[in-house]
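Read the numbers this way: they start at 1 and go in the same order the structure lists the ligands and their atoms.
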Amino acid sequence: MLKLTNFAGSNKNIMENSEKRSLNFIEAIIQEDIENKKNGGRVHLRFPPEPNGYLHIGHAKSICLNFGLAEEYGGKCNLRFDDTNPVKEDVEYVDSIKEDIQWLGFRWNDKPYYASDYFDQLYEWAVQLIKEGKAYVDDQTQEEISEQRGVPTRPGIESPFRNRSVEENLDLFERMKNGEFEDGSKVLRAKIDMSSPNMHLRDPIMYRILHAEHHRTGNKWCIYPMYDWAHGQSDYIERITHSLCTLEFEIHRPLYDWFLDQIVKEGDDRPRQIEFARLNLSYTVMSKRKLLQLVEEGIVNGWDDPRMPTISGLRRRGYTPESIRNFADRIGVAKRDNVIDVGLLEFSVREHLNKITTRVMAVLDPVKLIITNYPEGKMEEVELINNPEDENSGSRKVPFGRELYIERDDFMEDPPKKFFRLGPGREVRLKGAYIVKCEGFKKDDDGRVTEIYCTYDPETKSGSGVTRKVKGTLHWVAADQAIDAEVRLYDRLFSDEDPAGHKDKDFKEFLNPESLKVLRHCKMEPFLKDAQAGEKFQFQRIGYFCVDPDSSENHLVFNRTVPLRDSWAKKKK
Ligand code: ATP
Ligand code: MG
């Protein structure tokens with residue numbers, strides 16, 4: 001079974017931490033706030049996903065950052081679902097988000113929180129704003145409203161409904177809530193400044209009418225708060241001290257501040273927003289809309305397809321929580337947008353799997369090798385070390401006999417000089433066993449090699465002390481004992497570095513046609529017979545693989561996580 005080493009996280013105290021490396025800009029802010037006894041010295045963060053899709057590697061960065069900082073400073077981190085748009089949200093997404101966060105090894109404070117739990121409070125605050133003359137009901141369409149907003153360099157046009165009386169606004173807003181009006185027929189807007197150079201302050205919409213069932217509040221509401229109105233207020237209600245968000249929200253900050261100015265009670269702690277650069281990965285698309293498109297159009301087999309950059313996809317592909325957390329640590333946090341090479345993510349998983357996986361022999365494209373001078377019917381066992389990187393991993397016995405399978409491309413009929421594998425008259429070592437010499441081979445009518453004939457030198461058994469050296473070592477599987485398995489060779493989903501970055505081309509034009517190759521009759525050593533879904537191995541000389549949940553007792557399926565070496569780096573050069 002897969003051994004999930006519990007990644008306890010970095011529970012280092014502040015002193016230790018600052019000794020080890022310099023603080024990033026967010027840590028510096030938090031530390032300063034602690035020193036100044038701001039918020040009574042509390043540190044309380046949150047991760048606020050909208051449950052409208054599965055989490056991806058970009059979210060993983062944000063999760064590692066928020067939960068990681070809470071651990072680092074002995075604070076708390078809430079999981080809050082930002083569920084203000086009932087049309088796109090679903091409990092399936094809520095459940096997957098919880099599962100992914102826990103799988104990464106983080107525990108949220110207390111219980112999951114939901115912005116929808118604050119609908120009553122938000123409504124009350126909206127009424128308060130109306131009473132203070134700071135919000136009004138607008139009967140115009142969204143199109144009219146955005147047209148009147150204008151452009152940053154010129155003032156916008158005030159709505160003809162802007163100066164409605166408080167009484168009229170209160171009445172209309174209540175009737176909006178009671179369901180008297182149709183979708184889109186009215187909105188509630190904050191009355192701020194139609195000539196502000198910051199477009200977000202030009203009377204932003206706070207509520208819209210949506211006769212839609214919500215996955216938690218059912219049909220209780222037919223008006224829903226806009227994200228901008230719900231977000232900062234939710235942070236305030238939960239007494240969040242530091243609200244981390246991605247850079248595109250920097251320009252929203254003055255609006256968030258304006259809202260908080262209206263509602264925060266004197267003496268209360270007030271959330272501080274800090275922006276950081278979102279993770280962009282090469283060869284990947286990360287917008288939930290595009291990922292949903294790949295799922296809905298059947299281009300991938302669901303959100304957890306091993307080619308998806310989703311956390312569930314990476315998990316199924318064979319990534320470990322540790323490898324993702326290490327990746328997040330490595331990339332750190334920045335204040336400017338940048339693109340991270342997906343090769344770094346692949347490096348992180350290779351690095352971790354190298355430490356923890358058992359080395360096994362699996363032949364993906366088998367061809368028979370017959371040792372003509374090995375006694376018929378004889379079987380022996382050779383001993384192989386499970387994992388040279390882990391001295392406690394021990395060793396296992398692997399059956400060896402007269403008929404074996406080796407990789408088809410480890411043999412060449414007419415090899416060039418530098419080919420250190422098998423060819424007529426050449427010698428190689430069979431991993432953990434003997435040196436064999438190729439004496440001949442057989443082909444079928446199509447010219448395909450069907451059998452390779454070798455002789456072995458009984459004096460050369462590995463570990464026997466004989467020092468004769470040959471250049472190549474091949475992996476192999478004993479034919480009689482081999483088990484059949486399916487292997488899914490996954491590669492990057494896109495063959496372009498920036499699939500979504502082409503002006504006149506759809507990102508789907510850059511799908512990698514070779515992102516999945518299925519091999520059906522691979523031969524594996526019998527040790528793998530009882531491998532369980534999720535278990536991970538290194539296939540000697542090939543790469544890292546894990547057992548797919550599609551496996552059944554008589555049909556093993558392996559996913560390639562990554563090859564041993566990065567073939568893309570070579571291609572790029
Ligand atoms: P969309 O793709 O629809 O824009 P989103 O990224 O806004 O989705 P949310 O569910 O709102 O998705 O994100 C939850 C949190 O994850 C937010 O705090 C957001 O800043 C963070 N986040 C999302 N994408 C990234 C990313 N690529 N890098 C870092 N953080 C991210
Ligand atoms: Mg968002």
Side-chain angles (χ1 to χ4, degrees), residues 24 26 45-70 77-85 87-90 92-98 100-101 104 106 108 112-116 215 225-228 230-232 234-235 238 240 242-253 256 271-296 303 308-312 314 324-325 327-340 342 344-345 498-501 507:
N24 66 45
I26 300 177
L45 300 110
R46 85 286 178 269
F47 172 66
E50 183 181 355
N52 63 351
Y54 281 61
L55 297 181
H56 54 58
I57 182 72
H59 295 115
K61 170 179 173 163
S62 177
I63 291 168
C64 292
L65 184 61
N66 283 291
F67 286 91
L69 285 166
C77 185
N78 287 5
L79 165 61
R80 180 201 317 137
F81 291 100
D82 248 317
D83 53 350
T84 51
N85 183 2
V87 185
K88 290 191 173 162
E89 295 160 6
D90 199 280
E92 177 197 345
Y93 299 134
V94 170
D95 293 340
S96 74
I97 289 169
K98 289 185 197 163
D100 288 348
I101 296 172
L104 281 174
F106 295 109
W108 49 82
Y113 289 78
Y114 295 86
S116 55
H215 66 106
M226 300 301 287
Y227 179 84
D228 279 349
H231 195 73
S234 301
D235 284 341
E238 292 174 19
I240 301 303
H242 300 85
S243 316
L244 312 189
C245 64
T246 41
L247 286 178
E248 66 273 25
F249 291 101
E250 188 170 5
I251 186 125
H252 295 239
R253 182 152 28 99
Y256 295 166
R272 171 170 184 180
Q273 175 167 311
I274 306 166
E275 301 88 9
F276 66 95
R278 66 169 46 235
L279 168 65
N280 300 303
L281 263 190
S282 62
Y283 295 94
T284 311
V285 298
M286 219 127 56
S287 109
K288 281 193 224 164
R289 195 177 51 79
K290 292 196 174 71
L291 296 177
L292 181 65
Q293 215 178 323
L294 293 172
V295 173
E296 283 184 337
W303 286 98
M308 290 282 271
T310 51
I311 297 178
S312 49
L314 292 166
I324 294 175
R325 290 172 68 146
F327 169 72
D329 267 358
R330 252 185 202 119
I331 57 176
V333 282
K335 278 196 233 190
R336 290 257 187 90
D337 275 319
N338 58 1
V339 181
I340 303 288
V342 71
L344 191 62
L345 180 64
D498 185 12
F507 72 102

Open item on the list: One residue to check: R289. Relative to ligand 1, which of side chain, backbone, both or neither has a non-hydrogen atom less than 4.0 Å away?
Closed with: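 Neither part.
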
Open item on the list: Below a 4.0 angstrom heavy-atom separation, can you tell me which part of F249, side chain or backbone, both or neither, approaches ligand 1?
Closed with: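 Looking at F249 and ligand 1, no heavy atom falls under 4.0 Å.
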
Open item on the list: Test of understanding: with salt bridge (Lys or Arg N to Asp or Glu O under 4.0 Å), list the residues that count as partners of E89, not counting sequence neighbours.
Closed with: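 E89 satisfies salt bridge (Lys or Arg N to Asp or Glu O under 4.0 Å) with no residue once adjacent residues are dropped.
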
Open item on the list: Quick test of your reading of the model: are R46 and E238 salt-bridged, counting only N-O distances below 4.0 Å?
Closed with: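 Salt bridge: no.
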
Open item on the list: Between K88 and E50 (salt bridge meaning N to carboxylate O under 4.0 Å), is one present in this structure?
Closed with: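 Looking at K88 and E50, the cut-off is not met.
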
Open item on the list: Tell me if the NZ atom of K98 is crowded by more than 12 foreign heavy atoms within 6.0 Å.
Closed with: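 It does: K98 NZ has more than 12 such atoms within range.
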
- [ ] Counting heavy atoms only, name the option from A328, P48, G58, P49 that's nearest to atom 30 (N) of ligand 1.
- [x]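 Nearest option to atom 30 (N) of ligand 1, by heavy atoms: G58.
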
Task: Residue selection (non-hydrogen contact nearest atom 1 (P) of ligand 1) among R278, K288, K88 - done: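 Answer by nearest heavy atom: K288.
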
Task: Enumerated ligand 1 atoms positioned under 4.0 Å from heavy atoms of S62 - done: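 Contacts of ligand 1 toward S62, numbered from 1: 16 (O), 21 (C), 30 (N).
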
- [ ] Check ligand 1 against H56 and write out every atom of the ligand that is under 4.0 Å from a heavy-atom position of the residue.
- [x]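 Result: 24 (N).
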
Would [X] count as being in polar contact with ligand 1, using the rule that some N or O on each side must be under 3.5 angstrom apart?
X	answer
L279	yes
S287	no
T246	yes

Task: Shortest non-hydrogen contact from L247 toward K335 - done: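 Taking every non-hydrogen atom into account, CD1-O, 3.3 Å.
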
TODO: Can you run down the salt bridge (charged side-chain N to carboxylate O under 4.0 Å, His left out) pairs that involve residues 55-69, sequence neighbours left out, and say none if there aren't any?
DONE: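 Output for this query is empty, none listed.
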
- [ ] State whether the side chain of S234 and the backbone N or O of G232 hold a donor-acceptor pair below 3.5 Å, judged by distance alone.
- [x]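 Not confirmed, S234 side chain does not pair with G232 backbone.
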
